Amino acid sequence: METPKTYEPQKAEEKWYSHWMEKGYFHSEPDEREAYTVVIPPPNVTGVLHMGHMLNNTIQDVLVRRARMQGKNACWVPGTDHASIATEAKVVQKLRAEGIKKSDLTRDEFLAHAFEWKDKHGGIILEQLKKLGASCDWDRTSFTMDPEYSESVIDVFIDLYKKGRIYRGVRMVNWDPEALTALSDEEVLHKEVNSKLFHVRYKIADSEDQWLTIATTRPETILGDSAICVNPNDVRYANLKGKEAIVPICNRKIPIIFDDYVDMEFGTGCLKVTPAHDTNDYDLGKKFNLETIDILNDNGTLNENGLHYEGQDRFDARKTIEKELDEKGYLIKTEDHINKVGYSERTNAVIEPRLSLQWFVDMKELSAPARDSVMNGDIKFHPEKFKNTYRHWMDNIKDWCISRQLWWGHQIPAWFYGEGNENFVVAKTEEEAIAMACEQAGQSFVKGDLRQDEDVLDTWFSSWVWPISVFNGLTDPENEEIKYYYPTNDLVTAPEIMFFWVARMIIAGHEYLGEIPFKNVYYTGIVRDKLGRKMSKSLGNSPDPIELINKYGADGVRVGVLISSPAGNDLPFDSSQCEQGRNFTNKIWNAHRLVHSWEVQEDLPQPESSKMAIKWFRAKFNQELQSINNSFDKFKISEALMSTYKLVWDDFCSWYLEMIKPGYQHPIDKATLDATILFFEDLLRILQPFTPFVAEELWHSFRDRADGEDIVVAQWPVFNIGKGGAPSETLAQFSAAEEIITNIRNIRKKNNIANKVKVELFVKKNKELDTSFDAVIVKMGNLSQLEYTTEEVENSNSFISDGNEYFVPFGDAIDVEAEKEKMTEELEYTKGFLTSVQRKLQNEKFVGSAPEQVVAIERKKEADALSKIAILEDKIASLN
RNA sequence: GGGGGAUUAGCUCAGUUGGUUUAGAGCACCUGCCUUACAAGCAGGGGGUCACUGGUUCGAAGCCAGUAUUCCCCACCA
């Protein structure tokens, strides 16, 4: 059967992925080998694969597959995150579409719907990862709400509470009026928006007609004002000391206070203070003991303090109150103003600073070891620049608001008793809670008397123990797995979640295992489209990864996303990169087609050119292997890929295979074919992490493999120069030959000499030269002969290489003028070059202070240039 | 407002502690080829004052200072 001309990925991908699964190659159990562990950044359970996942998981897979080949016990733990806000929002939306309101359901009913949703949509993303070739240990798939995982999250809460690290307090929090929950600072995105600055005048109490004017962006909060504040140094307002102002519309009297928090330059220099609706105002309120008047309901509508605006949405109220202020003569003017407004990362609702009772983690002391372990290099960041960002955050760390007013998640294990929410105990179960409450309150409670806190924990409060809890390191701390797999090796994630997740995992690692959770953190960039825009669903500029895989093959897409994405840099993605990847897999495929087309003839002697080609490629392969290993060690994955790409395409296909290729329908000798297959197999090994499917497919094409002899578990090549002399010498000799061949090809092209027409080459030896690759030059240059002479050859195209002159005679008269021009150009260049070299050498300070070796190099450059100039001048003269 | 990066070919990036030709790669581009592995290919080629201005040095893409442009992070400016 004829081998197809192009590689067809679909069949190979299905065949080999299921084969790998059947053989259990991705499954890991602790053993005597060195462990190599990666935990996946768990995607949202209801998520679908996007290009960001694609990049992130391809990198992880490359690392894991290479480690597996290096003989390590590779374990890549997959799983999903319950993603409380995002998932709950989706479930609420789905129910709403069915006409069910969340408020009509009990908590248990809602959770039943949520789990149903999770069972239906959860894990789609994991199936998609298999299409990519991800070599995860699927038997270990975890979910942050698995029973044992949940238990560990609750244990951590209880433990931190007992240690006094968790407290409950009234704070200004970021309130999401759409999701009806508090958010952590990290979940709020600040955007610049065009808004208006309203200048509103307040009458001074007990005055005839004395007014002061404040500037505000939120006139609706006037109803919650409890003071006017001015800077004590502001002479304009010095006369207001001890006075009061009257709030428009509600006509309340409020004090005028003085604090240097107020910027005299901004607006009118008068600040209205609304402690319930602004963080700074809240602080001022505490300082001056002001009344706190909350005018908003939790859904962003005004409450009874909003008087006749009660029930209106805050943004509607802003417009209507503007009208009323204007009609009543309070509004002096409005001006355009740009300010920053916080938006919910999840719902995109405008965040409302709101006072509420929440749970917090005291981060100061907890985070100290985590700061140090990154700064001292125990944990390495790639690229290193992110250390700065990390340090800055850790130095200014604030307490972490961990309660969320949601149902989907881990319910806070606090149990209230008695009236109100003042008295509570923290316990794992209701039984324990009852016992504790009885003791604490000195009265007896029975089942049902206690009310568990309604709130759930922030999602990140569960994911910060991910590297521990996937191995049950908290619920069963002495188990064999946690001891074997932890600390994990490499974490691959996005810089956006450095604080949400990376920093907190490090904190939890120190707190609970006394150890770092991973040794390296590789930060990927953002995937952008051609125009530099972030890929997003709303812009519709993100290609569907699965469609890309169908079109270009998984290997092609893997190469496409890796080819230009150094750590920490954004990836400007275009599907043409996948095309490049696909072309690459096709190139490999066709190389295999060529090798398989050759018939062996046992008694055929090995040509000299093949012998030299093998010697060269062995040296080349080892040189590149070193450089690839080096790139991997530095986490320069795209560099490792590029070296591999060039080694395969340029060195192996374009040079090596052409050098050993027998004539059409001619047989090949056995020694050459055997060596070639070994080379091919070595190339497949280094390709395996990048293009696992085509590598496996071809791995089996060269010989019958015993059960278990698959490339996924083959050995990574070891640096081994073998026989054949010093590699650097061979490489240098080859590049000299390469230069000569390129020159010959150039002459062919300029003179329109067809490739199949043989030409002669004469060499005028001006100095010693190595002839070991002459057979290769003859073959690659398609020469009828290569001869050494002492004379110039008339009527030739000529070139100079390493001080020796080369002539390719050409029957018809050559274009003398063109030759002359070419040589004159070269002469000018060489002279310029010589001048720059001589300038250095004539400088006594250079000769005196530069290292000897550097000076010697310059001297050689000078000598070479001089001899070349002599030759060129000679040639030009002879042409005249 | 504070902090951290970045700036090298049309695009994306390398360039190890300053010294191997007058700076490299991939893609793109130009020219010529359907040469029986591959046109998803082959061969050849063009293209850069290393953002700018000074400084240090025998020597600077690299070190220092300033300027410009740009990205990111943090922060409560109404």
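Keep in mind that what you see is a predicted model, and the values were worked out from it rather than measured. Naming convention: chains lettered A, B, ... in sequence-line order (proteins, then strands); numbering from 1 in each chain.
Put simply, CD1 on A:Ile753 is 15 Å from C1' on B:U35, counting in whole angstrom units. In this structure, A:Leu841 atom CG and B:C58 atom C1' are separated by 11 Å, rounded to whole Å. Protein atom CZ of A:Phe680 is 12 Å distant from nucleotide atom C1' of B:C38, rounded to whole Å. The distance from atom CZ of A:Phe381 to atom P of B:G4 is 17 Å, rounded to the nearest whole Å. For the pair A:Tyr552 OH and B:A40 C1', the computed distance is 11 Å after rounding to whole Å. Atom CG of A:Leu647 is separated from atom P of B:A25 by 17 Å (rounded to the nearest Å). A:Asn797 places its CG atom 15 Å from the C1' atom of B:G44, with the value rounded to the nearest Å. If you take CD of A:Glu624 and C1' of B:A25, they are 12 Å apart, rounded to a whole angstrom.
Geometrically, A:Arg504 engages A:Trp400 in a cation-pi contact defined by less than 6.0 Å to the ring centre and at most 45° from the axis.
Aromatic pair A:Phe381/A:Phe386: ring centres not closer than 6.0 Å. Less than 6.0 angstrom separates the ring centroid of A:His337 from the ring centroid of A:Phe266.
Judged by closest nucleotide on RNA chain B, A:Pro566 is the one of A:Lys646 and A:Pro566 placed further toward the 5' end. The 5' end of RNA chain B is approached more closely, in terms of each residue's nearest nucleotide, by A:Asn388 than by the other of A:Ser564 and A:Asn388.
Of all nucleotides present, none satisfies the Watson-Crick or G-U wobble test against B:A23 with each distance under 3.5 Å. A 3.5 Å limit on both hydrogen-bonding distances identifies B:G5 as the Watson-Crick or G-U partner of B:U70. Nucleotide B:U31 has B:A43 as its partner under the Watson-Crick or G-U criteria, with both atom distances under 3.5 Å. Remark: B:U36 base-pairs with no nucleotide in the shown strands. Criterion, Watson-Crick or G-U wobble with two distances under 3.5 Å. With both pairing distances under 3.5 Å, B:G18 is matched to nothing as a Watson-Crick or G-U wobble pair.
Rounded to whole Å, the P atom of B:C72 lies 15 Å from the corresponding atom of B:U12. Separating the C1' atom of B:U56 from that of B:A23 is a span of 22 Å, rounded to the nearest Å. Taking atom P in both B:A40 and B:U36, one finds a spacing of 16 Å when rounded to whole Å. Atom name C1', nucleotides B:G2 and B:G46: the rounded distance is 47 Å, in whole Å. The same atom, P, is picked in B:U16 and in B:C58; the two are 23 Å apart, to the nearest Å. Spacing of P atoms, B:G45 relative to B:U53, comes out at 33 Å, to the nearest Å. Spacing between B:C74 and B:C27 at atom P, rounded to whole Å, works out to 38 Å. The gap from the P atom of B:G59 to that of B:G41 amounts to 48 Å, rounded to the nearest Å.
Using a 4.0 Å heavy-atom criterion, one finds that A:Thr742 contacts the sugar-phosphate atoms exclusively. Using a 4.0 Å heavy-atom criterion, one finds that A:Arg745 contacts the sugar-phosphate atoms exclusively. Residue contacts for A:Asn755: at a heavy-atom cut-off of 4.0 Å it reaches a base atom on one of the strands shown. The residue A:Ser654 sits close only to the backbone: its heavy atoms come under 4.0 Å of sugar-phosphate atoms, none of a base. A:Glu658 comes within contact range of at least one nucleobase, with a heavy-atom separation under 4.0 Å. At a threshold of 4.0 angstrom between heavy atoms, the contacts of A:Trp649 are confined to the sugar-phosphate backbone, with no base atom among them. Contacts of A:Lys587 with the nucleic acid, taken as non-hydrogen atoms under 4.0 Å apart, include base atoms.
The aromatic rings of A:Tyr522 and A:Phe635 sit tilted, their planes meeting at an angle between 30° and 60°. In this structure, A:His596 and A:His592 have perpendicular ring planes: the angle between them is above 60°, well past the 30° mark.
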Return the polar atom pairs (N/O with N/O) between nucleotides 15-21 of chain B and the protein under 3.5 Å, or none.
| from | atom 1 | to | atom 2 | distance (Å) |
| --- | --- | --- | --- | --- |
| B:G15 | OP1 | A:Lys636 | NZ | 2.8 |

Exercise for review: Heavy atoms under 4.0 Å is the rule here; annotate nucleotides 68-78 of chain B 5' to 3' with B where the base is hit, S where only the sugar-phosphate is, and - elsewhere.
Suggested key: -----SSBBBB

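A salt bridge is absent between A:Glu220 and A:Arg314: the closest approach of a Lys/Arg side-chain nitrogen to an acidic carboxylate oxygen does not fall below 4.0 angstrom. Contact check on A:Glu862 versus A:Lys860 returns no salt bridge, with no Lys/Arg side-chain nitrogen under 4.0 Å from an Asp/Glu carboxylate oxygen. Classification of A:Asp651 and A:Lys646 as a salt-bridged pair fails, no side-chain N sitting under 4.0 Å from a carboxylate O.
Closest approach to the A:Arg593 side chain among B:G26, B:A37, B:A43 is made by B:A37 (side chain taken as heavy atoms from C-beta onward). Of the listed nucleotides (B:G5, B:G26, B:A39), B:A39 has the atom at the smallest distance from the side chain of A:Lys5. Distances were taken from every side-chain heavy atom of A:Tyr664 (C-beta onward) to each of B:U36, B:A40, B:G32; the shortest belongs to B:U36.
Under the ring pair (Phe, Tyr, Trp, His ring centres under 6.0 Å) rule, A:Phe652 has a single partner from A:Trp655, A:Tyr656, A:Trp649, which is A:Tyr656.
Side chain of A:Asp570 to backbone of A:Val527: no donor-acceptor contact under 3.5 angstrom is found. Counting only distance, with no hydrogens or angles, the side chain of A:Asp278 and the backbone of A:Pro353 share no donor-acceptor pair below 3.5 Å.
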Exercise for review: Starting from the C-alpha separation in whole Å, work towards a yes-or-no answer on salt bridge (Lys or Arg N to Asp or Glu O under 4.0 Å) for A:Glu335 and A:Lys196.
Suggested key: CA-CA 6 Å; A:Glu335 54 188 22; A:Lys196 282 185 178 155; over 6 Å; no

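The shortest distance between the side-chain N/O atoms of A:Asn590 and the OP1/OP2 oxygens of B:G41 is not below 4.0 Å.
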